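Along the sequence shown, residues are numbered consecutively beginning with 1. Because the structure is a prediction, the values reported are computed rather than measured.
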Amino acid sequence: MTSEELKNMDDTYVMHTYNRFPITIDHGEGARVYDLEGNEYIDFTSGIGVNCLGYGNAGWAEAIYEQAKKLGHMSNLYYTEPCAQLAKTLCERTGMSKVFFGNSGAEANEGLIKLARKYSYDKYGEGRSTVITLKDSFHGRTITTLNATGQDVFHNYFFPFTEGFRYAEAGNMDDLKNVMGDDVCAVMIELIQGEGGVRPLDEEYVKQVREFCTENDVLMLVDEVQTGVGRTGKLFAFQSYGIMPDAASFAKGIAGGLPMGGVMASEKVQDVLGSGTHASTFGGNPVVASAANYVLSVMDDKFLEDVEAKGKYIMSQIVGNVSPFVSAVRGKGLMIGIELAGLKNGDVAKSLMDRGLLTLTAGGNVLRLLPPLTILPQEIDAGLHVLLGLIGE
């Protein structure tokens with residue numbers, strides 16, 4: 001099949017909910033992907049932060065293959081070893097107590113919201129169900145997580161949205177306190193606002209939020225869908241902020257390319273979602289869990305230190321090439337945002353693609369970089385050569 005034939009088939013039969021870039025991806029190796037005609041691209045997107053171990057990882061593929069031969073799926077009415085082992089590893093490496101497994105980031109964040117509302121209902125009864133989120137946040141595409149998202153552009157078409165959300169300005173404790181009320185059960189934040197422009201929250205502010213939540217017995221929920229699983233140079237971003245959330249969501253990179261999401265709960269709320277209160281048919285699927293177990297097995301301290309070092313190198317190279325088109329560079333680890341001036345981020349992403357580099361965009365006219373965590377130095381330099389050749393000086 002040619003690229004044109006594939007695009008025509010997709011246009012005919014797939015709902016047009018995505019504005020696709022006009023290239024086809026057939027296979028990959030490391031941080032490089034190739035279209036059906038064999039054209040090569042350096043990938044600074046990793047499937048929007050999903051393919052954390054890059055492409056063609058033999059150990060990851062072998063873990064999937066061996067488990068698929070043994071047991072592809074089993075209902076959560078029964079025990080399976082990969083699921084239990086994954087939960088054990090996550091708890092031991094984060095200090096959390098129990099885990100719920102689902103399929104996606106939006107589903108994971110729905111789980112956070114349900115957990116918070118039930119915790120409050122169990123303890124205080126009705127009328128305490130509001131969740132405060134931050135302006136410019138993004139938490140998913142379901143009816144509930146769309147309204148949890150603190151961006152008006154997402155609050156269209158699908159009325160009525162699930163009620164029970166208010167929004168505070170990121171980094172502003174006074175504003176958070178102003179929107180607080182007796183009806184609030186949780187504060188839900190991203191430690192780095194990804195879709196909102198790759199904006200890391202200030203560490204002192206995050207600690208103040210933690211203290212505020214504790215004092216008011218509202219849960220502190222951390223959305224780690226994009227920041228989790230090594231992306232920022234720690235296994236989870238909250239570990240670099242010196243706080244422990246009451247619960248945190250994860251997805252994207254956890255299974256290295258297979259669909260998985262979930263909720264990690266602290267001891268305080270580990271038993272809130274009891275039997276019959278939440279479920280997921282495919283949650284904890286043994287094949288996906290085996291892939292996730294492999295991902296976590298390679299993310300030791302040295303691996304995470306390398307992620308942090310790679311991110312610092314990339315940002316230093318961009319900052320070092322002073323350009324009138326770059327107004328700011330920010331991020332942690334391999335989650336990097338380049339705020340553009342005088343150029344539109346979508347146009348830049350298209351031009352870079354034409355030159356053999358895949359990138360992402362984010363709010364605030366930001367070019368977003370989420371390369372595979374295993375990206376090699378030569379692949380980084382090849383990508384930077386293309387990037388700085390367009391926006392550098």
Side-chain angles (χ1 to χ4, degrees), residues 1-57 60-61 104-105 138 141 194-195 197-198 226 231 251-253 255-259 310 314 317-318 325-326 331 334-340 343-363 365-392:
M1 183 178 291
T2 67
S3 288
E4 284 306 310
E5 289 171 337
L6 174 55
K7 284 184 272 190
N8 287 337
M9 182 187 297
D10 189 280
D11 289 343
T12 300
Y13 296 108
V14 178
M15 289 187 185
H16 295 177
T17 62
Y18 294 91
N19 288 320
R20 299 194 197 278
F21 286 100
I23 60 171
T24 59
I25 303 299
D26 180 67
H27 63 282
E29 182 177 357
R32 302 173 188 264
V33 293
Y34 302 84
D35 66 16
L36 286 168
E37 284 69 45
N39 296 306
E40 179 184 280
Y41 301 86
I42 300 292
D43 182 19
F44 274 16
T45 76
S46 61
I48 316 184
V50 170
N51 303 309
C52 57
L53 302 185
Y55 303 92
N57 185 288
W60 177 79
S104 70
F138 181 83
R141 296 276 187 172
E195 302 289 338
V198 191
Q226 192 165 148
R231 177 56 56 185
K252 288 194 180 291
L258 296 185
K310 290 172 187 177
I314 292 172
Q317 293 300 298
I318 299 169
F325 302 120
V326 176
L334 289 173
M335 184 174 180
I336 299 168
I338 307 168
E339 190 171 315
L340 300 173
L343 296 172
K344 293 183 178 180
N345 57 0
D347 294 340
V348 171
K350 174 62 167 61
S351 295
L352 290 171
M353 181 203 71
D354 291 339
R355 291 164 169 79
L357 176 66
L358 305 184
T359 59
L360 298 161
T361 60
N365 200 34
V366 167
L367 192 71
R368 182 171 34 145
L369 311 181
L370 299 172
L373 305 184
T374 52
I375 190 169
L376 299 174
Q378 58 266 34
E379 294 169 329
I380 291 174
D381 287 337
L384 285 173
H385 178 75
V386 177
L387 176 66
L388 296 176
L390 183 66
I391 67 172

When every non-hydrogen atom of Gly383 is compared with those of Phe44, the smallest separation belongs to CA-CZ, 3.7 Å
Can you tell which of Thr374, Leu370, Ile314 makes a side-chain contact (heavy atoms from CB on, under 4.5 Å) with Leu334?
Ile314
Under 3.5 Å: donor-acceptor pair, side chain of Asn365, backbone of Leu343
yes
Can a side-chain donor-acceptor contact be found between Tyr55 and Glu29 if the only test is distance below 3.5 angstrom?
no
Please walk me through it: do Leu384 and Ile318 pass side-chain contact (heavy atoms from CB on, under 4.5 Å)?
CA-CA 8 Å; Leu384 285 173; Ile318 299 169; 4.2 Å; yes
Compare all side-chain heavy atoms of Pro372 with those of Asn51 and state whether any distance is below 4.5 angstrom.
no
Looking at Glu379 and Ile42, what are the two nearest heavy atoms and their distance?
O-CG2, 3.8 Å
When rounded to the nearest 0.5 Å, the distance separating CG of Asp381 from CD1 of Ile375 is 9.5 Å
Of all heavy-atom pairs between Ile23 and Ile25, which one has the smallest distance, and what is that distance?
CD1-CD1, 3.9 Å
Any donor-acceptor N/O pair, Asn345 side chain to Ala362 backbone, under 3.5 Å:
yes
Between atom OG of Ser351 and atom CG of Leu387, what is the distance when rounded to the nearest 0.5 Å?
11.5 Å
Does atom CD of Glu37 have more than 12 heavy-atom neighbours, drawn from other residues, nucleotides or ligands, at distances under 6.0 Å?
yes
Rounded at 0.5 Å granularity, tell me how far OG1 in Thr2 sits from CG in Asp35.
11.0 Å
Take Leu357 and His385 through the side-chain contact (heavy atoms from CB on, under 4.5 Å) test and state the conclusion after the steps.
CA-CA 10 Å; Leu357 176 66; His385 178 75; over 6 Å; no
Using a strict 4.0 Å threshold on nitrogen-to-oxygen distance, state whether Lys7 and Asp11 make a salt bridge.
no
CG-CG distance between Leu390 and Leu352, expressed to the nearest 0.5 angstrom:
5.0 Å
Do the side-chain N and O atoms of Arg141 and Thr17 include a donor-acceptor pair separated by under 3.5 angstrom?
no
So which atom in Tyr41 and which in Met353 form the shortest heavy-atom distance, rounded to 0.1 Å?
CE2-O, 3.4 Å
Which pair of non-hydrogen atoms, one from Val366 and one from Gly197, has the smallest distance, and what is that distance?
CG2-O, 3.8 Å
Separation of Ser46 OG from Leu369 CG (nearest 0.5 Å):
10.5 Å
Are the side chains of Pro22 and Lys350 in touch, meaning some heavy atoms are under 4.5 Å apart?
yes
Roughly how far apart are Asp10 CG and Thr24 OG1, rounded to 0.5 Å?
10.5 Å
Is a donor on one side and an acceptor on the other found under 3.5 Å between the side chain of Lys252 and the backbone of Gly105?
no
Which heavy atom in Gln226 sits nearest to a heavy atom in Arg231, and how many Å separate them?
O-CG, 3.3 Å
